Amino acid sequence: MKFEVRDIPPRSVWALEQAGVHPLLARLYAARGVTAADELDPALARLLAPAGLKGVAEAARLLADAIAAGERLCIVADYDCDGATACAVGLRGLRALGAQNVGYLVPNRVVDGYGLTPPIAERVAATGAQVLITVDNGIASVEGVARARALGLKVLVTDHHLPAAASSPGRPKTASDPSGGSAAGEAASVGAVILPKADVIVNPNQPGCTFESKALAGVGVMFYVLLGLRAELRARGVFDNATQPKLDALLPLVALGTVADVVPLDANNRRLVAQGLQRIRAGQMPAGVQALITAAGREARKASTFDFGFALGPRINAAGRLADMTLGIELLTTDDAARAGELARQLDAINRERREIEGGMREQAMQIAEGLLDPSESPPPALAVYDPDFHEGVVGIVAARLKDRWHRPAFVFAASGAPGKAHELKGSGRSIAGFHLRDALDLIAKRHPGVLLRFGGHAMAAGCTIAEDQFDTFEQALQQVATEWLDTATLTQRLATDGALPRESRRADVAEELQQAVWGQGFAAPVFSEELVVLSQRLVADKHLALKLRHQGEPVDGMWFGRTEPLPARAHLAFRLEVDEWQGQRRVRLLIEGQATD
């Protein structure tokens, strides 16, 4: 692993310090592209205006008309944390704005697959709904949207994913377009992409949308639709500024979904997250969020983005992976604290089961991967692993572990549990910087027609379905693409750090201030790096390394979770700053993230 210290523009540091920002934070923010203190202002008034998001005005009119007519609305959600929070925000917000009849439907990961499919559209129509609203999905659901409209439903697509590639000779099959093309009239080709023929689409990543932030999560898009709807209802005289519902009560859910979906935390997303955290710390949150915090053993008054990403988000996601995401949505929509506590405990138990399954699968996957490796050579440029005993609900998590372990693009496959799909494998992949996973699948589909039955995704994460007897072909094809695209520099694991930690900043109050700040994807939490003296080390629970270190001449505790190999007497380490509370004592300790090998 190579450490790369971030550049720190001195002018930006100076400007931030002059505005009263703590010197260490000024340095950290400047290294992440912040040039002025107003970029750190979390005020709601500084959020980008909803009017700039293409389709919001049309969506507001469609929904306002439906509410006025007393029509039944149905939300179709994705089965991850972003989808669950987006659904909860939609349900709570629409009801607050006057919708008397609004329900939801969330596909089952195993049985239904992803997104608005024709069968899902038929199930929505069977409920008697007149308006179908997608959240965190739908932009590539060409056939599902077409089926819904054929059944007489009005369709509003709210999503943040990239649209599917436009039809062209030999265009590969995609997850949402398994035929490899679309029937006439079902989709609209716009430039290089193909869009479903929905009544309205709201997606910052659709062609022609000039909204400044392209990083909104699905829950953020739905929140903006509600802001637009409220403005439309004000214009119609339904509310005025004094009587309109306060949608800021939804911000804890918006913050949770945004962080859990690992979207880039640009300035607008940081404001959404900061506002949600502010309310949670003040005890102002839905009963389900409080119940999740309690189940995870955290404290609301100290809530952080780390809690969203590593404690609350995984418990919501576990429902979609191993059970039914309706559990998560019910948790986030109930106002009954007792019911919320019961559901949170169920999700906690499911998450424990998920960790057990993942742990066993990870060990198997590591063994299989190690069997592919020649100890005398570097690992292959990409990894693909399959075992009949793998559970498809956690293949993505295990792929991420393989990617982290060997710094290689990795796919993990499990047998499909969907009816009639006994001979299909569903795979999930995770990638490294410099290897666009969806583009790699696209190339494999063109080179080996028929191998990929369905696929879709993004640069760093993607999924696909293949026939079981095509696994070897897929593995060889993936490795071939990786051989062509990846070089030694790309295959060298790198960690961006913030350089040395000033000795005067190694304090509990500084560590707490860092923890309270908004960090996440694209705005990474601080990681420092420097040479440390290892005074002593011992294994804890046979899998963690507890350390006594000397940092700039002074002793400090350290912990390296998941590390069992001993360190040399001096080591160049990357670490985060943490406050460790034990028996009423608060001490600073260093959480080790990696060791430089150069």
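Bear in mind that the values here come from a model prediction, so they are computed numbers and not experimental data.
Between the side chains of R279 and Q275, at least one donor N or O sits under 3.5 Å from an acceptor N or O. Side-chain atoms of Q480 and R447 include no donor-acceptor pair closer than 3.5 Å. For the residue pair S536 and R538, no side-chain donor N or O sits within less than 3.5 Å of a side-chain acceptor on the partner.
Using a cutoff of 4.0 Å between basic side-chain nitrogens and carboxylate oxygens, R32 and D498 are scored as salt-bridged.
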>> side-chain hydrogen bond (donor to acceptor under 3.5 Å, both in side chains) for E17 and H22? Distances and angles first, verdict last.
In response: CA-CA 6 Å; E17 288 184 349; H22 184 285; over 6 Å; no
> Stepwise, does the salt bridge (charged side-chain N to carboxylate O under 4.0 Å, His left out) test hold for R438 with D442?
Replying inline: CA-CA 6 Å; R438 194 217 173 270; D442 191 349; 3.7 Å; yes
>> Walk me through whether T35 and E39 qualify under side-chain hydrogen bond (donor to acceptor under 3.5 Å, both in side chains).
In response: CA-CA 8 Å; T35 59; E39 296 175 51; 2.7 Å; yes
> Going through the distances and angles, do K548 and D557 end up as a salt bridge (charged side-chain N to carboxylate O under 4.0 Å, His left out)?
Replying inline: CA-CA 5 Å; K548 291 287 187 181; D557 290 336; 2.6 Å; yes
>> side-chain hydrogen bond (donor to acceptor under 3.5 Å, both in side chains), that's the test. Do H160 and D136 meet it? Break it down for me.
In response: CA-CA 6 Å; H160 69 121; D136 193 31; 3.0 Å; yes
> How far apart are the C-alpha atoms of R355 and E358, what are their side-chain angles, what is the distance that settles it, and do they pass the salt bridge (charged side-chain N to carboxylate O under 4.0 Å, His left out) test?
Replying inline: CA-CA 5 Å; R355 287 202 298 260; E358 176 205 330; over 6 Å; no
> Do N268 and Y224 pass the side-chain hydrogen bond (donor to acceptor under 3.5 Å, both in side chains) test, and can you show the C-alpha distance, the side-chain angles, and the key distance before you say yes or no?
Replying inline: CA-CA 12 Å; N268 202 62; Y224 264 82; 3.2 Å; yes
> Can you list the steps and then say if V34 with S12 is a side chain to side chain contact (heavy atoms under 4.5 Å, CB included)?
Replying inline: CA-CA 7 Å; V34 176; S12 298; over 6 Å; no
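Under the 30°/60° scheme for interplanar angles, the aromatic rings of F575 and F528 are found to be tilted.
Between H436 and H458, the distance from one ring center to the other does not fall under 6.0 angstrom. Aromatic rings of W519 and Y29 (six-membered ring for Trp) have centroids within the 6.0 Å cut-off, being under it. Ring centroids of F411 and F474 are separated by less than 6.0 Å, placing the two rings close together.
The closest donor-acceptor contact from the side chain of R506 to the backbone of P502 lies at 3.5 Å or more, if one exists at all. A donor-acceptor contact shorter than 3.5 Å links the side chain of R563 to the backbone of E565.
Exactly one residue among L486, L383, L402 makes a side-chain contact (heavy atoms from CB on, under 4.5 Å) with P409. That residue is L486. With L216 as the partner, the side-chain contact (heavy atoms from CB on, under 4.5 Å) test is satisfied by one option alone out of L272, N205, T258: L272.
Within 6.0 Å of atom CZ in R46, more than 12 heavy atoms from other residues, nucleotides or ligands are found, so the atom counts as buried in its surroundings. Counting heavy-atom neighbours within 6.0 Å of Q585 CD, excluding the residue itself, gives a total of 12 or less. More than 12 heavy atoms of other residues, nucleotides or ligands sit less than 6.0 Å from atom CD of Q552.
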